[in-house]
Protein chains: 2
Amino acid sequence: MKRSIPTKRTTIYDLAELAGTSASAVSAVLSGNWKKRRISAQLAEKITRLAEEQGYALNMQASVLRRERSKIIGMIVPKYDNRYFGSIVEQFEAMARERGLFPIITCTRRDPALEIEAARAMLSYQVDCLIATGATDPDRIADICSAAGVRAVNLDLPGSRVPSVISDNFAGALELTRRVLANCEREFGEKAPLLFVGGRGTDHNTSERVRGFRAAHAEVGVAVDETLVLTCGYAPEKAENAMKAIAEKVGTLPRGMFVNSTISLEGVMRWIRRSGHYADRMPHLGCFDWDPFVAMLGDHIEMVRQDVPRMLDAVFEIIDSGASELKVIQIPPIVEQTG
Amino acid sequence: MKRSIPTKRTTIYDLAELAGTSASAVSAVLSGNWKKRRISAQLAEKITRLAEEQGYALNMQASVLRRERSKIIGMIVPKYDNRYFGSIVEQFEAMARERGLFPIITCTRRDPALEIEAARAMLSYQVDCLIATGATDPDRIADICSAAGVRAVNLDLPGSRVPSVISDNFAGALELTRRVLANCEREFGEKAPLLFVGGRGTDHNTSERVRGFRAAHAEVGVAVDETLVLTCGYAPEKAENAMKAIAEKVGTLPRGMFVNSTISLEGVMRWIRRSGHYADRMPHLGCFDWDPFVAMLGDHIEMVRQDVPRMLDAVFEIIDSGASELKVIQIPPIVEQTG
DNA sequence: CAATTCTGCTTCATCGATTGAGCAAGCGAG
DNA sequence: CTCGCTTGCTCAATCGATGAAGCAGAATTG
């Protein structure tokens, strides 16, 4: 039976009338604290049954309006196009639900203006807490939250106003670079500086990874070639263009490189195939981030996988404990087995 | 200046007091229909300025409670671990925002119970419309929505209660199978039935793809080997186990196969590498779904990419037009160039 | 048997925004 | 000068759920 006029939703008043009781009794029963409110088990059962029969669903807007806390938790995330952010979002949702929180997520496409707009929208929806993942300006978001009295946590990229949970980018990049350098030396018998490509020079993660990159070079006594550090942005096209430009500039490229995220790797690989530059022999690659198909691309690629479960455990520990000491928690990433 | 007591949020009443006017004037100004409500430009400007200064943010819970429509649009999605669903979600968010709608998304991890729970939760938050993407039981969701007077649309997997937008799975699978058959014949000089692996035998997409698979075999006069149709589920582990089992059972596997989604391909590739079964020569693969790194895995893989932009255009056309004729819109997928 | 406590409810204000109805002042027409 | 219209607002009800306060009647106590 279809109605063109949208079926009016059942409210606690409807149920109250049907049960011959008051709305507040219905509310008490359905919100589970009928013992506290001294409602008889008999009436409780009757109301519960009626609610079931009538297909009653709580109006959260009304409920949240009245309550002190909304139990809504927000997250902003840059993209959904890679395994890293995908697993962050999936895990976040699961953990939020476990805690009886309602997760809302917004993808900002790495657009700073959209980030701010999204944060404001979430505050309008009365989130109790906001996780800013990979935000370009985490402090701006933290300020907006603070003005509204809402807790915030940074994930992936750190800020200076609220606690942050990030990967240990330095350690991960150090180890990754070591491996690529070793692979190159093993195969080509020479110690030579690697190429670094991808990421934004201004973001904390990229600069820490560059630091790890430098440290690994220093360990083996190789000087980093500064013209080969290409922090051109994350997008595949940007990485592709950067490769093209550097190849034109320097003629011969190193036999090993550090790629800052799978998404940049996409562009790098595309360039390699299109240009035919490494047609004789594939270079040794190190990719900061993991993807199952990248792992199958060959034994010339090393990967570092960020430890998403541990990162989100840390995030929720901060949230659950209500802690707000200004600290940056660094989670060691996992160096993947090759092959 | 940090306060332990959360800063009380500014309301229209606060602004009214500051402006020496009434809350209703403030509401009229801030909701943009002050002309209709005959508020002077002068007062409007004053209120706007004050709102700015005080960092006023609308309380959506209150606003939605009062309004007829919430302008919230929900989507449930099975997973975030592949490009297909990732781009669906990203595009959905962007298109929703373009229309002044607030998107909320929930990932159900292919769990039927969670699907229902998620749908109910969204209704509690008063969504105006719900998109059920890849739902195991779309009709159940449609019924729940219908009871609440909420519009629903199916995406990716069709249902029988509300309009659906899906890929033309038959055509896509037909073309994909043709190509794999042709590739096999070219390389091995023989016409032989392919293996089909991945997906659920009960879902519409998988059965349509199997139908396309059969049709392509029929075209070249090859009989499908029924023991080689393995609709074992989507998860990588399931595909991996299915491969293992069939290899043990039949000894030698076909030199070509149809893999139903990148996520199943992950398991298939893993098995191929671990078992060493195709160590001499990689089989020709056809993958229903696209991934940039899969495309780089070699020239032995053909892919079909579902046309997400067109699919979402169709979804929003249904939503925008308010149409609710019971139809299934099939969008042709894109056969990717190999190499 | 009166006083007190306990049980099982109901009443009502409240959360913040929206909106139909209404009111007072100003202004022009007759 | 008065009637009627316009302008520019205010009032108050409303959305649905919540919970403090309160109120009968039953049960217990001294």
Side-chain angles (χ1 to χ4, degrees), chain A residues 6-47 51 54-72 102 123-126 128 148-149, chain B residues 6-47 51 54-72 102 123-126 128 148-149:
Chain A
T7 321
K8 197 80 182 98
R9 260 120 129 153
T10 310
T11 70
I12 51 170
Y13 297 93
D14 302 331
L15 293 179
E17 186 146 14
L18 285 168
T21 180
S22 73
S24 93
V26 174
S27 169
V29 170
L30 297 179
S31 63
N33 50 11
W34 53 280
K35 295 225 155 167
K36 234 172 297 183
R37 305 271 312 264
R38 296 189 313 220
I39 306 293
S40 65
Q42 196 183 21
L43 181 57
E45 207 201 341
K46 182 176 180 186
I47 288 172
Q54 302 292 315
Y56 170 79
L58 178 62
N59 182 327
M60 276 297 177
Q61 312 292 350
S63 178
V64 166
L65 175 60
R66 194 64 203 356
R67 271 159 19 198
E68 190 57 30
R69 303 191 46 219
S70 70
K71 301 197 161 211
I72 302 176
F102 187 78
L123 293 180
S124 262
Y125 282 94
Q126 312 299 112
D128 282 337
Chain B
T7 322
K8 196 80 182 103
R9 261 121 130 151
T10 310
T11 71
I12 51 169
Y13 297 94
D14 302 331
L15 293 179
E17 186 146 14
L18 285 168
T21 182
S22 72
S24 87
V26 174
S27 169
V29 170
L30 297 178
S31 63
N33 50 10
W34 53 280
K35 295 225 159 170
K36 232 171 299 179
R37 304 265 308 178
R38 297 190 311 219
I39 305 294
S40 66
Q42 196 183 21
L43 181 56
E45 207 201 340
K46 182 176 179 185
I47 288 172
Q54 301 293 313
Y56 170 80
L58 179 63
N59 181 327
M60 277 297 178
Q61 316 292 349
S63 179
V64 166
L65 176 60
R66 192 59 192 22
R67 270 160 19 198
E68 191 59 27
R69 302 190 47 219
S70 70
K71 302 199 161 209
I72 302 176
F102 187 78
L123 293 179
S124 262
Y125 282 94
Q126 310 300 111
D128 282 337

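Worth knowing before you read on, the calculation uses all heavy atoms, side chains too, and leaves out hydrogens, waters and symmetry mates.
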> Between dT18(C) atom C1' and Met60(B) atom CE, what is the distance in whole Å?
Replying inline: 13 Å

> What is the distance, rounded to the nearest whole Å, between atom CG of Leu65(B) and atom C1' of dG16(C)?
Replying inline: 9 Å

> How many Å lie between CH2 on Trp34(A) and P on dT10(C), as a whole number?
Replying inline: 16 Å

> OG1 of Thr11(B) to CD of Glu17(B): how many Å apart, nearest 0.5 Å?
Replying inline: 9.5 Å

> For dT10(D), does OP1 or OP2 lie under 4.0 Å from any side-chain N or O of Thr21(B)?
Replying inline: yes

> dG16(D) C1' sits how many Å from Glu17(A) CD, rounded?
Replying inline: 15 Å

> Nearest 0.5 Å, what's the CG-OG1 distance between Leu43(A) and Thr21(A)?
Replying inline: 5.0 Å

> In Å, rounded to the nearest 0.5 Å, how long is the span from CG of Leu15(A) to OH of Tyr56(A)?
Replying inline: 7.0 Å

>> What is the distance, to the nearest angstrom, from the CZ atom on Arg38(B) to the P atom on dC23(C)?
In response: 14 Å

> Rounded to the Å, how far apart are Glu45(A) CD and dG8(C) C1'?
Replying inline: 17 Å

>> Distance check, rounded to the nearest 0.5 Å: Gln61(B) atom CD versus Gln126(B) atom CD?
In response: 10.0 Å

> Rounded to the nearest 0.5 Å, what separation is found between the OG atom of Ser27(A) and the OH atom of Tyr13(A)?
Replying inline: 9.0 Å

>> Within this structure, what is the CH2-CD1 distance for the pair Trp34(A) and Ile47(A), rounded to the nearest 0.5 Å?
In response: 10.5 Å

Atom pairs under 3.5 Å: protein N/O with N/O of nucleotides 18-20 of chain D:
from	atom 1	to	atom 2	distance (Å)
dT18(D)	OP1	Ser63(A)	OG	3.1
dT18(D)	OP2	Ser27(A)	OG	2.9
dT18(D)	O2	Arg66(A)	NH1	2.9
dT18(D)	O2	Arg66(A)	NH2	3.4
dG19(D)	N7	Arg37(A)	NH1	3.3
dG19(D)	N7	Arg37(A)	NH2	3.4
dA20(D)	N6	Arg37(A)	NH2	3.4

>> In this structure, how many angstroms lie between the C1' atom of dT18(C) and the NZ atom of Lys36(B), rounded?
In response: 12 Å

> Tell me: CD of Gln61(B) to P of dA17(C), nearest whole Å?
Replying inline: 11 Å

